[in-house]
Amino acid sequence: MTRILLVDDQALVRAGFQTILTSEPGFEVVGQAPDGAAGVRMAAELQPDVICMDVQMPVMDGLEATRAICAGSSYASVLMLTTFDRDDFLFEALSAGASGFLLKTAEPEQLIDAVHALARGDALLSPEVTRRVIERFAAPAAPAPSPAAPQLDLLTEREHETLLRLARGRSNAEIAAELFVGEATVKTHVSNVLMKLGIRDRIHAVIWAYEHGVVAPRV
(Lines give C-alpha, C1' and ligand atoms only; values in the text may rest on other atoms or scores of the structure.)
Protein backbone atom coordinates (compact mmCIF):
# COMPACT_ATOMS: atom_id res chain seq x y z
CA MET A 1 0.00 0.00 0.00
CA THR A 2 1.06 3.59 -0.70
CA ARG A 3 0.46 5.55 2.51
CA ILE A 4 -0.61 9.14 1.91
CA LEU A 5 -0.85 12.16 4.24
CA LEU A 6 -3.01 15.14 3.22
CA VAL A 7 -2.02 18.59 4.47
CA ASP A 8 -4.43 21.40 3.55
CA ASP A 9 -6.26 24.03 5.60
CA GLN A 10 -9.55 23.47 3.72
CA ALA A 11 -11.51 20.47 4.97
CA LEU A 12 -13.51 20.18 1.74
CA VAL A 13 -10.30 20.06 -0.31
CA ARG A 14 -8.90 17.32 1.92
CA ALA A 15 -12.14 15.37 1.64
CA GLY A 16 -12.09 15.70 -2.15
CA PHE A 17 -8.47 14.53 -2.38
CA GLN A 18 -9.23 11.59 -0.09
CA THR A 19 -12.17 10.53 -2.26
CA ILE A 20 -10.02 10.69 -5.41
CA LEU A 21 -7.01 8.92 -3.94
CA THR A 22 -8.83 6.14 -2.11
CA SER A 23 -10.59 5.23 -5.37
CA GLU A 24 -7.20 3.97 -6.60
CA PRO A 25 -6.32 0.40 -5.55
CA GLY A 26 -3.21 0.36 -3.39
CA PHE A 27 -3.65 3.89 -2.01
CA GLU A 28 -4.41 4.53 1.66
CA VAL A 29 -4.90 7.99 3.19
CA VAL A 30 -3.45 7.54 6.68
CA GLY A 31 -4.03 11.06 7.98
CA GLN A 32 -5.18 14.62 7.38
CA ALA A 33 -3.60 17.79 8.78
CA PRO A 34 -5.16 21.29 8.71
CA ASP A 35 -1.86 23.21 8.69
CA GLY A 36 1.87 22.78 8.12
CA ALA A 37 2.79 22.41 11.78
CA ALA A 38 0.34 19.55 12.24
CA GLY A 39 1.61 18.09 8.97
CA VAL A 40 5.18 18.00 10.28
CA ARG A 41 4.07 16.22 13.46
CA MET A 42 1.91 13.71 11.61
CA ALA A 43 4.64 13.00 9.05
CA ALA A 44 6.96 11.99 11.90
CA GLU A 45 4.26 9.91 13.62
CA LEU A 46 2.68 8.19 10.62
CA GLN A 47 5.70 7.87 8.27
CA PRO A 48 3.67 8.15 5.05
CA ASP A 49 5.15 7.43 1.63
CA VAL A 50 3.73 10.54 -0.03
CA ILE A 51 2.54 13.85 1.42
CA CYS A 52 0.12 16.03 -0.56
CA MET A 53 0.99 19.52 0.73
CA ASP A 54 -0.82 22.81 0.17
CA VAL A 55 1.45 25.86 -0.19
CA GLN A 56 -0.49 28.58 1.63
CA MET A 57 -1.78 27.63 5.09
CA PRO A 58 -2.07 29.22 8.54
CA VAL A 59 0.26 28.45 11.49
CA MET A 60 2.99 27.11 9.17
CA ASP A 61 2.86 27.27 5.38
CA GLY A 62 3.60 24.33 3.11
CA LEU A 63 7.06 25.53 2.13
CA GLU A 64 8.28 25.73 5.73
CA ALA A 65 6.60 22.42 6.55
CA THR A 66 8.23 20.72 3.57
CA ARG A 67 11.62 22.06 4.61
CA ALA A 68 11.14 20.66 8.11
CA ILE A 69 9.89 17.27 6.88
CA CYS A 70 12.72 16.81 4.37
CA ALA A 71 15.31 17.81 6.97
CA GLY A 72 13.85 15.41 9.54
CA SER A 73 13.50 11.66 9.84
CA SER A 74 10.68 11.22 7.32
CA TYR A 75 11.40 9.50 4.01
CA ALA A 76 8.17 10.77 2.48
CA SER A 77 8.11 12.43 -0.92
CA VAL A 78 6.27 15.75 -0.89
CA LEU A 79 3.84 16.74 -3.65
CA MET A 80 3.15 20.48 -3.50
CA LEU A 81 -0.37 21.49 -4.54
CA THR A 82 -1.38 25.06 -5.23
CA THR A 83 -3.99 27.10 -7.08
CA PHE A 84 -1.27 29.52 -8.26
CA ASP A 85 1.12 28.82 -11.15
CA ARG A 86 3.90 30.99 -9.74
CA ASP A 87 7.62 30.50 -10.27
CA ASP A 88 8.46 31.72 -6.76
CA PHE A 89 6.33 28.94 -5.26
CA LEU A 90 7.85 26.40 -7.66
CA PHE A 91 11.49 27.22 -6.93
CA GLU A 92 10.94 27.61 -3.19
CA ALA A 93 9.16 24.25 -3.09
CA LEU A 94 12.02 22.52 -4.92
CA SER A 95 14.60 24.20 -2.70
CA ALA A 96 12.65 23.01 0.33
CA GLY A 97 12.91 19.42 -0.92
CA ALA A 98 9.57 18.82 -2.65
CA SER A 99 9.63 16.13 -5.34
CA GLY A 100 6.56 17.24 -7.27
CA PHE A 101 4.50 20.31 -8.06
CA LEU A 102 0.90 20.12 -9.26
CA LEU A 103 -1.81 22.72 -9.73
CA LYS A 104 -5.12 22.10 -7.97
CA THR A 105 -6.83 22.64 -11.32
CA ALA A 106 -5.34 19.31 -12.50
CA GLU A 107 -7.63 16.42 -13.39
CA PRO A 108 -8.16 13.66 -10.77
CA GLU A 109 -6.19 11.23 -12.94
CA GLN A 110 -3.21 13.59 -12.85
CA LEU A 111 -3.26 13.62 -9.04
CA ILE A 112 -3.32 9.81 -8.98
CA ASP A 113 -0.49 9.64 -11.52
CA ALA A 114 1.52 12.15 -9.48
CA VAL A 115 1.22 10.10 -6.29
CA HIS A 116 2.20 6.95 -8.19
CA ALA A 117 5.28 8.73 -9.56
CA LEU A 118 6.43 9.99 -6.16
CA ALA A 119 5.76 6.61 -4.56
CA ARG A 120 8.14 5.07 -7.13
CA GLY A 121 10.79 7.60 -6.13
CA ASP A 122 10.43 9.72 -9.27
CA ALA A 123 9.99 13.46 -9.46
CA LEU A 124 6.78 14.84 -10.90
CA LEU A 125 7.10 17.99 -12.96
CA SER A 126 5.57 18.64 -16.33
CA PRO A 127 8.02 19.08 -19.23
CA GLU A 128 7.17 22.80 -19.25
CA VAL A 129 8.01 23.14 -15.56
CA THR A 130 11.21 21.12 -15.98
CA ARG A 131 12.30 23.51 -18.72
CA ARG A 132 11.63 26.45 -16.40
CA VAL A 133 13.83 24.86 -13.74
CA ILE A 134 16.68 24.27 -16.20
CA GLU A 135 16.36 27.78 -17.64
CA ARG A 136 16.43 29.26 -14.13
CA PHE A 137 19.63 27.47 -13.15
CA ALA A 138 21.30 27.71 -16.57
CA ALA A 139 20.52 31.37 -17.12
CA PRO A 140 23.40 33.86 -17.48
CA ALA A 141 22.16 35.66 -14.36
CA ALA A 142 22.48 32.53 -12.24
CA PRO A 143 25.11 32.66 -9.47
CA ALA A 144 28.53 31.19 -10.18
CA PRO A 145 28.50 27.45 -9.37
CA SER A 146 30.36 26.18 -6.33
CA PRO A 147 33.43 23.95 -6.80
CA ALA A 148 32.80 20.38 -7.87
CA ALA A 149 31.77 18.22 -4.95
CA PRO A 150 33.87 15.21 -3.89
CA GLN A 151 30.81 12.99 -4.40
CA LEU A 152 31.49 13.19 -8.14
CA ASP A 153 34.49 10.91 -7.62
CA LEU A 154 32.05 8.19 -6.56
CA LEU A 155 30.42 8.11 -9.99
CA THR A 156 31.50 5.78 -12.75
CA GLU A 157 32.11 7.26 -16.20
CA ARG A 158 28.68 6.12 -17.37
CA GLU A 159 26.99 7.55 -14.29
CA HIS A 160 28.74 10.88 -14.85
CA GLU A 161 27.57 10.90 -18.47
CA THR A 162 24.05 10.15 -17.24
CA LEU A 163 24.18 13.06 -14.77
CA LEU A 164 25.29 15.42 -17.56
CA ARG A 165 22.30 14.42 -19.64
CA LEU A 166 19.89 14.67 -16.71
CA ALA A 167 21.11 18.23 -16.19
CA ARG A 168 20.27 19.00 -19.81
CA GLY A 169 16.71 17.78 -19.33
CA ARG A 170 17.00 14.51 -21.23
CA SER A 171 14.43 11.77 -20.67
CA ASN A 172 15.49 8.17 -19.98
CA ALA A 173 14.69 7.26 -23.60
CA GLU A 174 16.84 10.12 -24.91
CA ILE A 175 19.72 9.20 -22.61
CA ALA A 176 19.49 5.57 -23.71
CA ALA A 177 19.68 6.60 -27.37
CA GLU A 178 22.66 8.89 -26.79
CA LEU A 179 24.60 6.30 -24.76
CA PHE A 180 23.54 3.34 -26.95
CA VAL A 181 22.15 1.37 -24.00
CA GLY A 182 18.71 0.17 -22.92
CA GLU A 183 16.29 2.22 -20.83
CA ALA A 184 16.58 -0.31 -17.99
CA THR A 185 20.33 0.37 -17.87
CA VAL A 186 19.66 4.13 -17.78
CA LYS A 187 17.24 3.67 -14.88
CA THR A 188 19.99 1.82 -13.00
CA HIS A 189 22.49 4.60 -13.73
CA VAL A 190 20.00 7.25 -12.57
CA SER A 191 19.30 5.34 -9.34
CA ASN A 192 23.04 5.01 -8.67
CA VAL A 193 23.62 8.72 -9.31
CA LEU A 194 20.86 9.72 -6.89
CA MET A 195 22.09 7.30 -4.22
CA LYS A 196 25.77 8.27 -4.47
CA LEU A 197 25.09 12.00 -4.51
CA GLY A 198 22.45 11.79 -1.76
CA ILE A 199 19.79 13.41 -3.97
CA ARG A 200 16.07 12.71 -3.61
CA ASP A 201 15.10 12.62 -7.30
CA ARG A 202 16.11 13.56 -10.82
CA ILE A 203 14.82 17.13 -10.77
CA HIS A 204 17.05 17.81 -7.76
CA ALA A 205 19.88 16.21 -9.73
CA VAL A 206 19.41 18.99 -12.30
CA ILE A 207 19.69 21.63 -9.60
CA TRP A 208 22.67 19.89 -7.96
CA ALA A 209 24.53 19.63 -11.28
CA TYR A 210 24.29 23.35 -11.96
CA GLU A 211 25.09 24.31 -8.37
CA HIS A 212 28.24 22.16 -8.40
CA GLY A 213 29.55 23.07 -11.81
CA VAL A 214 28.85 19.76 -13.54
CA VAL A 215 27.12 21.76 -16.26
CA ALA A 216 28.18 25.36 -16.84
CA PRO A 217 25.48 28.07 -17.03
CA ARG A 218 24.99 29.57 -20.46
CA VAL A 219 26.87 32.80 -21.09
Side-chain angles (χ1 to χ4, degrees), residues 2 43 47-51 53 66-67 69-80 90-102 113-139 142-219:
T2 296
Q47 291 296 315
D49 301 303
V50 177
I51 300 173
M53 179 81 71
T66 298
R67 196 170 291 110
I69 289 168
C70 293
S73 59
S74 175
Y75 292 97
S77 295
V78 177
L79 174 64
M80 300 298 300
L90 167 63
F91 294 119
E92 283 190 61
L94 293 174
S95 296
S99 295
F101 190 89
L102 192 67
D113 289 344
V115 172
H116 273 304
L118 267 64
R120 290 194 304 266
D122 295 334
L124 189 285
L125 292 176
S126 68
E128 293 78 12
V129 172
T130 301
R131 282 195 293 272
R132 280 154 59 187
V133 172
I134 292 173
E135 288 167 1
R136 163 72 172 262
F137 284 89
S146 60
Q151 296 100 306
L152 284 172
D153 294 336
L154 301 174
L155 302 183
T156 65
E157 181 179 352
R158 278 301 200 189
E159 289 165 357
H160 192 272
E161 291 172 347
T162 300
L163 176 60
L164 285 173
R165 286 160 176 79
L166 284 177
R168 293 174 182 135
R170 303 288 197 272
S171 67
N172 284 353
E174 290 169 334
I175 296 173
E178 291 180 13
L179 297 182
F180 302 102
V181 297
E183 284 192 53
T185 300
V186 172
K187 290 179 181 179
T188 299
H189 289 331
V190 171
S191 296
N192 289 340
V193 167
L194 299 182
M195 178 187 65
K196 290 180 179 180
L197 299 183
I199 300 170
R200 297 177 70 92
D201 49 57
R202 62 192 297 144
I203 196 65
H204 286 91
V206 173
I207 297 171
W208 191 97
Y210 279 104
E211 288 180 338
H212 292 85
V214 176
V215 178
R218 293 191 300 268
V219 295

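Side-chain atoms are counted along with the backbone in the values below, which use heavy atoms only and exclude waters and symmetry mates.
The two residues I199 and A205 come nearest to each other via the heavy atoms CG2-N, 3.6 Å. Pairing each heavy atom of A76 with each of P48, the nearest pair is CB-O, 3.3 Å. Scanning both residues, L79 and A114, for their nearest heavy atoms gives CD2-CB, 3.8 Å. L163 and A209 get closest at one heavy-atom pair: CD1-CB, 4.3 Å.
Judged as a side chain to side chain donor-acceptor pair (under 3.5 Å), and not counting sequence neighbours, the contacts of E161 are R158.
By the 4.5 Å heavy-atom criterion applied to side chains, T162 and L155 are not counted as neighbours. When side chains are defined from C-beta on, W208 counts as touching L197, because their heavy atoms get closer than 4.5 Å. Side-chain contact check for D49 versus L118: every heavy-atom pair is 4.5 Å or farther apart.
One finds the CD atom of E174 at 11.0 Å from the CG atom of L166 (value rounded to the nearest 0.5 Å). Taking CG of D153 as the reference point, atom CD of Q151 lies at 9.0 Å (rounded to 0.5 Å). To the nearest 0.5 Å, atoms CZ (R67) and OG (S95) are separated by 7.5 Å.
Applying the side chain to side chain contact (heavy atoms under 4.5 Å, CB included) test between H189 and each of E159, H160, R165 identifies E159 as the sole match.
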Original post:
After noting the C-alpha distance and the side-chain angles of K196 and T156, does the key distance pass the side chain to side chain contact (heavy atoms under 4.5 Å, CB included) rule?
Top reply: CA-CA 10 Å; K196 290 180 179 180; T156 65; 4.1 Å; yes
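The main-chain N or O of C70 is never found under 3.5 Å from a side-chain atom of S74 such that the two would form a donor-acceptor pair.
Sorted by first then second residue, the salt bridge (charged side-chain N to carboxylate O under 4.0 Å, His left out) pairs that include residues 180-194, not counting sequence neighbours, number zero.
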